[in-house]
There are 2 protein chains.
Amino acid sequence: MNIAEDLPKLGTAARLAANRLRDAGAYQRSEAIRAMAGEIRRARDQILAANAQDMAAATQLLDRLMLDEERVEAMAAAVEQIANLPDPVGAVIDRWTRPNGLDISRVRTPIGVIGMIYESRPNVTADAAAIALRSGNAIILRCGSEALNSCFAIYSAIQRALRYSGLTVPPVLFVPTTDRAAVGMMLDGLGGTIDLIIPRGGKALVERVSREARVPVLGHLEGVCHTYVHASADPQMAIDIVRNAKLRRISVCGATETLLIDAAVAPGLLPQIAGALDGCELRGDEFARSIVPMKEATEADWSTEYLAPILAVKVLGNLEQAVDHIGRYGTGHTEAIVAADTAAAEKFLAEVDSAIVIWNASTQFADGGEFGFGAEIGIATGKLHARGPVGPEQLTSFKYQLRGSGQVRP
Amino acid sequence: MNIAEDLPKLGTAARLAANRLRDAGAYQRSEAIRAMAGEIRRARDQILAANAQDMAAATQLLDRLMLDEERVEAMAAAVEQIANLPDPVGAVIDRWTRPNGLDISRVRTPIGVIGMIYESRPNVTADAAAIALRSGNAIILRCGSEALNSCFAIYSAIQRALRYSGLTVPPVLFVPTTDRAAVGMMLDGLGGTIDLIIPRGGKALVERVSREARVPVLGHLEGVCHTYVHASADPQMAIDIVRNAKLRRISVCGATETLLIDAAVAPGLLPQIAGALDGCELRGDEFARSIVPMKEATEADWSTEYLAPILAVKVLGNLEQAVDHIGRYGTGHTEAIVAADTAAAEKFLAEVDSAIVIWNASTQFADGGEFGFGAEIGIATGKLHARGPVGPEQLTSFKYQLRGSGQVRP
């Protein structure tokens, strides 16, 4: 691919596809997504062969890069689920009538063209394509070099499905090169054809995108999530929630990385929590270490997303200190309080400024599926446009439709 | 002001103010805004004296820069009106319960710190400060050099009001310099302290901001608005709407700049419309000129925001051509169709991708007040976060609050 010449053409094609897609109906979009699932299943062997190439070239063992029959089927099933979600385009969000009789509606519209820049998870190819199409958007996919063969094989299956579906201008496009200059051009908006960039991958990728992009970015920063055990917490509930929040799956962005616990209950409760965290390394402040023997936490521990069986532990004097600690070290992702005291819990829910704040449940509920969104493309930690789980609805804009009977403005 | 040293301090102060403002209640915000109105009234003579300085230094007659007693009173009254608007912070936008009993709410929150960069309208100082405060945001104001004395006098009145209001860290800050490097630093996010930039002014300013900003921008492009007279239009309604859309106020962004009219009715109707547009210069395509004598429209006319008594006129074969013309030359602001044919009107409302689309009413209804928003800081033409009139509600973000009873994720 000659990037300087061919990439802008990809942008133009995506813009044209986005314009055409507005005229396609919800039914046609559903059928196209369903066809994608079918073609992914049909292409299973090609996808696995391509993935074997990627795995052979990988310099380290990458679980997130690996595909097998089960994962290909899961990918197809996830796409099918998106085909069955309600189509958000055209939905009336709000409607009211003005005293002069003007009828005003706020109606969902597609955003246009999404630029998706992602790393080593091949299934993002299918997820992102399906969610974009569900919300009426065209999408330009740019995957990391380590996953290029796998992603291209999945994209090829998608392309076949779209060809059969009657969408004359295919709304899913793929950048078939590992040249990093392509990312720079996408971040520049590709000649005004990209409306929104979504990065998905490691910290370095997301930071580069946020720093360099000239178009809006729906960023997903790392999740340094906290669980705070208030003095009023039910002890058994605290133990169960902390164990689940940390250990259910350690590699998800909603996994708790720091435990905050009130000094009033730490001496009795922290040993029980530690006992329930089988195989988890604890790193604590001085107070915590005086209760349970553990490694010393350094300043860096408070802002580290371990994604590993490690938990930082801090003993606090009160709720205000917990809110301050989260404000200082958190990444605005997800934080939970365990408390029986309603006033304390409501204060926490009001004052902690994160995308998701939770009372008496695990931080691992930070997930679009658990919210009932059906699918998600990531969890946004910024405050503009979308925040929290990003599903099809969050990938729409809106417009105002005014219906009158000849009104002129005095 | 030493920009390199002092401007980052302003950013830090704004961030601190934003954090404190979250704890202030709606009542305290209302009182502070009301106090602002009072202090602006009390400072009338100082504001007018400062404005006289600006006017004396102005190199051209600037109606939008000029203040008099009436305009100062209008500014104070507008601020008072914002004090009476409902406070959006904490409002529950949506709430549902999951099968596992988790109760999920989506709740409005402030965005944080807004950077407002504007030109010669001094009243923006008061409007922007009041709308920001109403939505719980801190704001850093940076006005154009031609209005610096006027804006600083208004800001001083606001500062006094905030001092009396009990907000210990004042949430309205002002960049007291004409050095353009200050704008560059703000566009860079001022060390991560600015969450959102809102430009308000001429095309050159908005384009510079959109091009250079490293933080999200709520842009307001120019309004090249269209009124399309469909073949089915009631003739008298078409005449009334076109006249109002073009001439009621020629300098507002919602004023119609191009008239599109179906060829089937143009020979009979265009002469009547032209007759109703007293003192308005027409510039038409060949077909239009064959019906009514007028200047020839050049290619540039189709994309010009005149803000003057000039109207471009194009005769079209059908609705599709009107949609295409708007897609090609429009700025995504506001477009209207005049039609008796419901199907045609609904097609126009669905297919035209502008912030505001109108059936049988004047494009001059593109205004936050006319929508019932109470106040607006501008009309956003982008598709991310906000679109159309931007009032206090559009200057908020949201978070998810989850309330459980010990749920852990399987």
Side-chain angles (χ1 to χ4, degrees), chain A residues 19 22-23 90 96 98 102 104 106-107 109 111-112 195-196 211 214 216-217 234 237 240-241 243-245 248 327 336 345 349-351 353-362 364-365 367 370-372 382-385 387-389 397-410, chain B residues 19 22-23 90 96 98 100 102 104 107 109 111-112 195-196 211 214 216-217 234 237 240-241 243-245 248 327 336 345 349-351 353-362 364-365 367 370-372 382-385 387-389 397-410:
Chain A
N19 290 343
R22 258 188 283 131
D23 303 338
W96 66 98
R98 298 288 303 156
L102 265 183
I104 304 185
R106 204 154 83 98
V107 176
T109 63
I111 289 171
D195 296 298
L196 175 69
R211 201 172 53 241
R214 297 286 189 193
V217 174
D234 175 84
M237 189 191 287
D240 294 342
I241 285 177
R243 183 175 46 209
N244 187 267
R248 175 188 157 269
L349 295 182
E351 292 190 4
D353 189 25
S354 294
I356 304 171
V357 285
I358 301 178
W359 176 22
N360 285 348
S362 167
Q364 300 230 357
F365 284 107
D367 175 277
E370 293 296 324
F371 275 56
K383 293 191 203 171
L384 276 298
H385 189 75
R387 200 179 190 197
S397 180
F398 60 84
K399 64 179 170 187
Y400 293 99
Q401 295 179 332
L402 277 60
R403 292 175 176 82
S405 49
Q407 283 86 345
V408 295
R409 199 170 157 194
Chain B
N19 291 342
R22 258 187 284 131
D23 304 337
W96 66 99
R98 297 288 302 156
N100 61 10
L102 267 182
I104 304 186
V107 176
T109 64
I111 288 171
D195 296 297
L196 176 69
R211 200 172 53 239
R214 295 287 189 194
V217 173
D234 176 86
M237 190 191 287
D240 293 344
I241 286 177
R243 182 173 49 208
N244 188 268
R248 175 189 159 268
L349 295 181
E351 292 190 5
D353 190 24
S354 293
I356 304 170
V357 285
I358 301 177
W359 175 23
N360 284 348
S362 168
Q364 300 230 356
F365 283 108
D367 175 278
E370 292 296 323
F371 275 56
K383 293 191 202 173
L384 277 299
H385 190 75
R387 200 179 190 197
S397 179
F398 59 84
K399 64 179 170 188
Y400 293 98
Q401 295 179 333
L402 277 58
R403 292 175 176 83
S405 49
Q407 283 86 344
V408 295
R409 200 171 157 194

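Throughout, protein chains are lettered first and strands after them, A, B, ... in sequence-line order, and every chain is numbered starting at 1.
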Report summary line: D195(B) and L384(A) have their tightest heavy-atom pair at O-CD2, 3.8 Å
Report summary line: If one checks every heavy atom of R403(B) against chain A at 4.5 Å, the contacting part turns out to be both
Requested in this report: Could you pull out the closest heavy-atom pair between Y400(B) and G388(A), with the gap in Å?
Outcome: CE1-CA, 4.2 Å
Query raised in the report: If every non-hydrogen atom of I241(B) is compared with every non-hydrogen atom of G406(A), which pair is closest and at what distance?
Result: CD1-CA, 4.0 Å
Requested in this report: Can you tell which part of R387(A) gets under 4.5 Å to a heavy atom of chain B, answering side chain, backbone, both or neither?
Outcome: both
Query raised in the report: Among R409(A), Q364(A), Q407(A), Q401(A), which has the most heavy-atom pairs under 4.5 Å with chain B?
Result: R409(A)
Query raised in the report: Where does R211(B) contact chain A at under 4.5 Å (heavy atoms): side chain, backbone, both or neither?
Result: backbone
Query - D353(B) side, atom CG; I111(A) side, atom CD1 - distance, nearest 0.5 Å - result: 11.0 Å
Query raised in the report: Contact part of L196(B) toward chain A, heavy-atom cut-off under 4.5 Å: side chain, backbone, both or neither?
Result: side chain
Query - Engaged part of R106(A) at the chain B interface, taking heavy atoms whose separation is under 4.5 Å - result: neither
**Report entry** Proximity breakdown for R248(B) and chain A, heavy-atom pairs closer than 4.5 Å
**Finding:** side chain
Query raised in the report: Can you tell which of G372(A), A245(A), G327(A), G112(A) has the highest number of heavy-atom pairs within less than 4.5 Å of chain B?
Result: G372(A)
Report task. Can you tell which part of T109(B) gets under 4.5 Å to a heavy atom of chain A, answering side chain, backbone, both or neither? Result -> side chain
Query raised in the report: How far apart are the C-alpha atoms of L402(B) and F371(A), what are their side-chain angles, what is the distance that settles it, and do they pass the side-chain contact (heavy atoms from CB on, under 4.5 Å) test?
Result: CA-CA 10 Å; L402(B) 277 58; F371(A) 275 56; 3.8 Å; yes
Query - Most contacts with chain A, counted as non-hydrogen pairs under 4.5 angstrom, among S362(B), P410(B), A355(B) - result: A355(B)
Query - D367(A) versus chain B, the contacting section by heavy-atom distance below 4.5 Å - result: side chain
Query - Part of N19(B) within contact of chain A (heavy atom distance under 4.5 Å) - result: neither
Report task. Find out whether E370(B) and L102(A) are in side-chain contact, i.e. whether some heavy atom of one side chain is under 4.5 Å from a heavy atom of the other. Result -> no
Query raised in the report: Is K399(B) reaching over with its side chain to a backbone N or O of L349(A), donor-acceptor style, under 3.5 angstrom?
Result: yes
Query raised in the report: Between S397(A) and K383(B), what is the shortest heavy-atom contact and its length?
Result: OG-O, 2.8 Å
